[in-house]
Amino acid sequence: MSKVRIEAIKPNIGGIVHVSKEDLFDDETAAAVREALEDRGVLVFPRMNLTDAEQLAFSDKIGKRGNYNKKAPGSNAGGEADVYAVTLDKQVNNHPEYVLGTFFWHIDGVTIDQPLPKATMLTARKLAPVGGQTEFASTYAAYEHLPEEEKKAIASLKVIHKVEAALRPVFDEATEEDLARWRGQSETMVHPLVWTHKSGRKSLIIGTQADSVADVPVPHGRSLLVRLQEWAAQPEFSYRHYWQEGDMVIWDNCGCMHRVIPYDENSGRRMHRTTIAGDERVAGSCPLKSLQR
Ligand SMILES: [Fe+2]
């Protein structure tokens, strides 16, 4: 009998992984998880209660370790390199805007000039009494279910992604100093709206960093981006995870957007995150500045 069983949550998204902790690190489990990840988008391991070292070991079984927040407050949580503590607790995180930005639908790493992180893994260490659920929306399902004429209409569109767009809903006004810091840590990127993966499958690259559509009047482009985001977030294509302490979740960052339901900064909510580096550059992506030269 197989050591691992994956139970679908909804037809288009979500899977619960039934596996014992001792079988988690088997090659068979890693292979099953890698295979299910793209198909299910998000996989839940209820009450797995991994330590940081175990979570890193499991990340390493799934792929190559990435770390996109080496310098951010909250990195190296608990002294373990490459583990990032997601929290609004001011003792840990003195620049909370990065976490506040996660209240809005996004794909990690779209404003970095490198392959998008392949997958992200979170373990719930401490929950908020109110809020703090994480939602996932399949950008594969969203694309695949679009009407054919809409697929045709958006086929060749390019979208400009920038950190300022993601911070707009967080701050009424950002200081020049803050803007300079964020710009220094990111790149304005141009991505195709429709990503044709090496596998041949197509997904949408949308979310809070998506600022405008190239060569389309700003209000028209932003309206399209908002409508596509609403489409992708519909219940058929999305899943909200109600955390229990010790739950571990891994999602396909190349085929899902995610966001968190707001929670109080004094709630103590703390998630430990590890990241699996991407291995596929988005075909047709480039930094905006390389087009302006
Ligand atoms: Fe994120």
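Order of listing sets the numbers, starting from 1, for every ligand and every atom in it.
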Using the ring centroid of each side chain, check whether Phe237 and His145 are separated by less than 6.0 Å.
yes

So, for His258 and Trp251, is the gap between ring centers shorter than 6.0 Å?
yes

Residue and atom names of protein N/O/S atoms that fall under 2.8 Å from the Fe ion (ligand 1):
His106 NE2, Asp108 OD1, His258 NE2

Side chain to side chain donor-acceptor pair (under 3.5 Å) against Asp39, all qualifying residues, sequence neighbours excluded
none

Report yes if the distance between the aromatic ring centroids of Phe58 and Phe45 is under 6.0 Å, otherwise no.
yes

Give the minimum heavy-atom separation between Thr139 and Cys256, together with the two atoms involved.
OG1-N, 3.4 Å

Checking Arg269 against Asp264 for the salt bridge (Lys or Arg N to Asp or Glu O under 4.0 Å) test, could you report, in this order, the C-alpha distance in whole Å, the side-chain angles of both residues, the deciding distance, and whether it holds?
CA-CA 8 Å; Arg269 183 186 189 269; Asp264 191 275; over 6 Å; no

